[in-house]
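To keep things clear, I will list the structure first and then write my remarks on it.
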Amino acid sequence: MGRNFKRFELPRLRRLALAGLLLAGGGLVGCSPLRLLKPGQRLLSDVNIRGTDKADPERLAALVQQQPNSTFPLPKVTIYQFGRSFYNPERIARKLADTKADYARQITEAGTDSAQVGKLLRRREQKERRYQLALDKGNAVMRLGEPPVVYDSSLTAASVQQLGVYLKSKGFFRSSVTVSDTVPTRRFTPLRLLALQPPYSTDSQRVTVTYTIQEGPAFHYSRLDDEVADSAVAQRVRAARPQSLLQEGDQYDEEVIGAERARLETLLKNQGYYDFRQQYITFEADTSFRPTTVRLRTLVDAPPRGQHRRYTLRHVDFISDAGIVRFGQSRDTLVRDSVNYLAYRHRISPRALDRKLALRPNEPYSLTKTQRTQRQLGSLDIFRFTTITYRRVRGAEAPADSTQGLLDATVSAAPAKRFQETVEFGGTYVAQEVGPFGNVRLKIRNVFGGAEILEFGVRAGFEGQYDITGTQGSDTQEKLRSELTTQLGGNVNLVLPRFLVPWRVGPRLGEFNPRTRINASYTYVDRPDYTRTNAEATFDYIWQRSAFHQYVLTPIDLSIIRTASISDTFQTTLQNLLIRQGSPLFRSFDNLLIPSLNVTSLYNSNDFNQTRDARYLRLFAEIGGLSRGLFQKQPLFTDTRNLRQSDLKIYDFTKFTADYRRYYKLTSDSYLVYRLAGGAVAALSPTTLTTIGRDGSQNTSTSFLIPYDKYLFAGGSSSVRAWKPRRLGAGSFTQYKFDPDDPTQPLIVDGLRVRDFNLEQPGELLLEGNIEYRFPLYNFIKGAVFTDFGNVWTLRSDPRPGAQFRFNKFYQQFAVGSGFGFRFDLSFLIMRLDIATKVYDPAAPGNKWAIRNLSFREDQTAFNLGIGYPF
């Protein structure tokens, strides 16, 4: 009976699904936006721009004032029409009127109870705002979509004018723009096939607008002149001509001309011309000499009275406790490097502030130095705000020379709270386990009086984690085993606003905002399989090359890893993995000392919410264990019977990683982002290691060893998202489970080996990339579609077949995953949900196109929750 049911029920289900699909297709076709048009109105169906050769087509498209309704990722006008089908504005208007009347009655009854009246007013405002929004923009479903774009010929005419102005601003002085609106429009609509209708339709109520552009020749600069009324200003402008953005032979471009005007203003402001403005700068273009050429003249006018005045700083005052008022007391003044430091009580050393101050008496006014001072004082994190004001010296104190001026500068800094506490309690959902956690942090500002920042942190919690080896349990339902782990930790962090070095540092280094960071942390992890501790200390030098570019040099990075205990079953599993596959996971549970030196270069021109057209590049290089030959002799010993007493081991290695990201801003709120990342890690010399087993046996081997935490991994919420974290790879190697009753033998179910998706796969070479399209959905909810690819490989020969990198095969071993996601942008916090499925699995036995097995099983599709964007 069961077999007959399967034989006949499946076709029946297919017929029902097909019928439902046809009904849905017919319904979608029937939901034509043309039904929303009034008599005489037409729907804008498409916009085309033709004839562009040298002009930027994207910039031209942005100038068109009417665009058709968006159809990606969903036809938004259809969503709007669906919401409108149950939209009743009269009913909403009645509710709005009833709400006003009801609250008016309640407010009258409240009488003189001001607290109750206040509550009623707030509630009334919230309800009225909700009803008014529904009247103005429709219900929630309508606001998810878009109303149909009704064709407006006046906006088309305005677009023609805008396109013409833009082309001429780019040097196409002989360009022309014509437009045609085509009716009827022939459209290909595949959804009509679901309703058993022809896929092509012709609608007389749809309009296709085509803008045809005749660019003509582009004009280039044949000569660049200037005419500056003030001789002193002229001398400075001409001295900086090599840095000009305008060069002979370049194409005429008003956008570049505007940038040149801003450059000249900044140039003169940095040389003391405090009053100078862009309004004094104009440009004259003459095209009457040779064909398709422009003679451009830069004109710098003098002020209505006299010449431009150059200002010098007379006094510089720094008030380090601005906003504090003490009646009957005056601020004490200390002088350092000709700067007056004023405060009721000098809690912050003037020496520390002087390093961040770029303004000095008897120096010309400089806009750049003013901005740098504000930026560096802000980076100290000891002031709530900082302002810099200038006062012109007038009257009898002013110099007699009319071309010279004096300024008094005042830096006002309001101190922030000295102590700042942060307490966090919450829960995590990792590996299908809910675990509570708590963090307590204390920040102490200006702890030693030199603008230092001292931070303490204590954390404790339970967190789910997948079985690290994937060998425990015989569950054949492909469900990964998870368990709660106990994690305790603490850290202390001290940031000094200078380089801590034994020699004197020149004042020029202050331009790069130097800092020294000293950090120490301790982590304790207790799991059923093992207990492990990690103590780490780092000493960092941090400096800024620019507002977007930061360097971090870490001459001291020291980690001590100890395994206090390990279960017998887990120990057997690790040894089995080491013997059968050469897995380095065993080394992670040894006692290690990892000294290293590393350097990081980070360039990031984006902001926190990633709203810019920007670039990101992170380069990291590390070398460790170079000194081990001075105090550690080989062979090294590991006694598995008493791990606590085993010697600390040092491995020498080198590591390099690179991460490049590009953010393209397509519209005001949609972006195309791609990421390319790679890295390599290698041991510098072989290590001879003798391991004493639990039965007293000894095994000595020589191999190139790397600390486990320094290996490279792929997979996870910021990598190839269709794979679990650190579980992708290596290469095309297929990992199978071992029998939990006999870990030396593979697990066999129904005559087949069971694939293991839960074992971490370390690699020595990483190559991966991502491409993602981000777009708005509704209010603060954003959407994304993405594709990820990548893998890890070993550089040396490996017992795992297919794990070693080979030039003739590696391109066939890229894993590919695709999916979609949601981002909840709360301004101060971005929450993320990504759903990714495997498309191509290089480790799959047989057919490697995993998309054929599309499902929501854990071995096929991954759900990633996170804070912030993945990259």
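FYI, side chains are in, hydrogens and waters are out, and symmetry mates aren't considered; it's all heavy atoms of this structure. For clarity, every value in this text was computed on a predicted model and none was experimentally measured.
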Validate the cation-pi geometry between Arg661 and Tyr674: distance from NZ or CZ to the six-membered ring centre under 6.0 Å, angle to the ring axis within 45°. no

Classify the ring geometry of Phe805 against Phe810: parallel below 30°, tilted from 30° to 60°, perpendicular beyond 60°. tilted

Could you tell me whether Glu58 atom CD has more than 12 heavy atoms of other residues or ligands within 6.0 Å of it? no

Side chains of Arg459 and Thr523: donor-acceptor distance under 3.5 Å anywhere? yes

Are side-chain N/O atoms of Tyr708 and Glu760 paired as donor and acceptor at under 3.5 Å? yes

Specify whether Phe824 and Phe780 have parallel, tilted or perpendicular ring planes, treating 30° as the upper limit for parallel and 60° as the lower limit for perpendicular. tilted

Check for a donor-acceptor pair, side chain of Lys710 on one end and backbone N or O of Ile706 on the other, with a separation under 3.5 Å. no

Is the closest side-chain donor-acceptor distance between Asp652 and Ser685 under 3.5 Å? yes

Output for pair (Ser703 OG, Arg796 CZ), nearest 0.5 Å, gives 9.5 Å

For Glu146 and Asn69, does a side-chain donor sit closer than 3.5 Å to a side-chain acceptor? yes

Starting from the C-alpha separation in whole Å, work towards a yes-or-no answer on ring-ring contact (aromatic ring centres under 6.0 Å, His included) for Phe512 and Trp543. CA-CA 6 Å; Phe512 301 99; Trp543 69 98; 8.3 Å; no

Is the side chain of Asp798 donor-acceptor paired with the backbone N or O of Arg800 at a distance under 3.5 Å, no angle test? yes

Does any N or O in the side chain of Lys838 come within less than 3.5 Å of the main-chain N or O of Thr861, such that one atom is a donor and the other an acceptor? no

By the definition side chain to side chain contact (heavy atoms under 4.5 Å, CB included), identify the one residue from Ile771, Asp659, Asp788 that meets it with Arg675. Asp659

With a 4.5 Å cut-off on side-chain heavy atoms, are Arg823 and Ile781 touching? no

Cation-pi check for Tyr671 against Arg774: NZ or CZ below 6.0 Å from the six-membered ring centre and within 45 degrees of the axis, yes or no? no

Closest non-hydrogen atom pair, Glu215 against Asp53: OE2-N, 2.7 Å

Trp723 and Tyr840 aromatic centres sub-6.0 Å: no

Kindly say whether Gly868 contributes a backbone atom to a donor-acceptor pair with the side chain of Arg832 at under 3.5 angstrom? yes

When you measure from the centre of the six-membered ring of Tyr660, is the NZ or CZ of Arg662 under 6.0 Å away and within 45° of the axis? no

Would one find more than 12 heavy atoms of other residues, nucleotides or ligands at under 6.0 Å from atom CZ of Arg545? no

So, Thr687 and Arg628: side-chain donor and acceptor under 3.5 Å apart, yes or no? yes

Measure the shortest side-chain to side-chain distance between Leu765 and Val792 over non-hydrogen atoms and say whether it is less than 4.5 angstrom. no

Which atom of Gln376 lies closest to which atom of Asn513, heavy atoms considered: NE2-N, 4.0 Å

Contact summary for Pro595 and Ile650, nearest pair of heavy atoms: CD-CG2, 4.0 Å

Taking the six-membered ring for Trp, are Phe775 and Tyr773 ring centroids under 6.0 Å apart? yes

Does one side chain, of His549 or Ser601, offer a donor that lies under 3.5 Å from an acceptor on the other? yes

Of the non-hydrogen atoms in Arg615 and Tyr663, which two are nearest, and what is the gap between them? N-CD1, 4.4 Å

Cation-aromatic face contact Arg618/Tyr603, 6.0 Å, 45 degrees: no

Can any side-chain N or O of Gln67 pair as donor or acceptor with the backbone N or O of Ala61 at less than 3.5 Å? yes

Quick one: does Thr266's side chain have a donor or acceptor within less than 3.5 Å of a partner on Ala262's backbone? yes

For Ala55, is there any backbone N or O sitting under 3.5 Å from a side-chain donor or acceptor partner on Thr52? no

Among side-chain atoms of Thr794 and Gln804, is any donor-acceptor pair under 3.5 angstrom? no

Gly790 and Phe814 have their tightest heavy-atom pair at CA-CD2, 3.7 Å

Side-chain H-bond candidate by donor/acceptor type, Thr538 with Thr554, under 3.5 Å: no

Does either side chain, that of Arg806 or that of Gln813, offer a donor lying less than 3.5 Å from an acceptor on the other one? no

Is the closest side-chain heavy-atom distance between Phe653 and Ser596 below 4.5 Å? yes

Go through it in stages, so that I can follow the logic: the residues are Glu764 and Trp793, the test is side chain to side chain contact (heavy atoms under 4.5 Å, CB included), and I'd like the CA-CA distance, side-chain angles, deciding distance and then a yes or no. CA-CA 6 Å; Glu764 298 170 327; Trp793 296 264; over 6 Å; no

Distance-minimising heavy-atom pair for Leu766 and Asn791: CD1-O, 3.6 Å

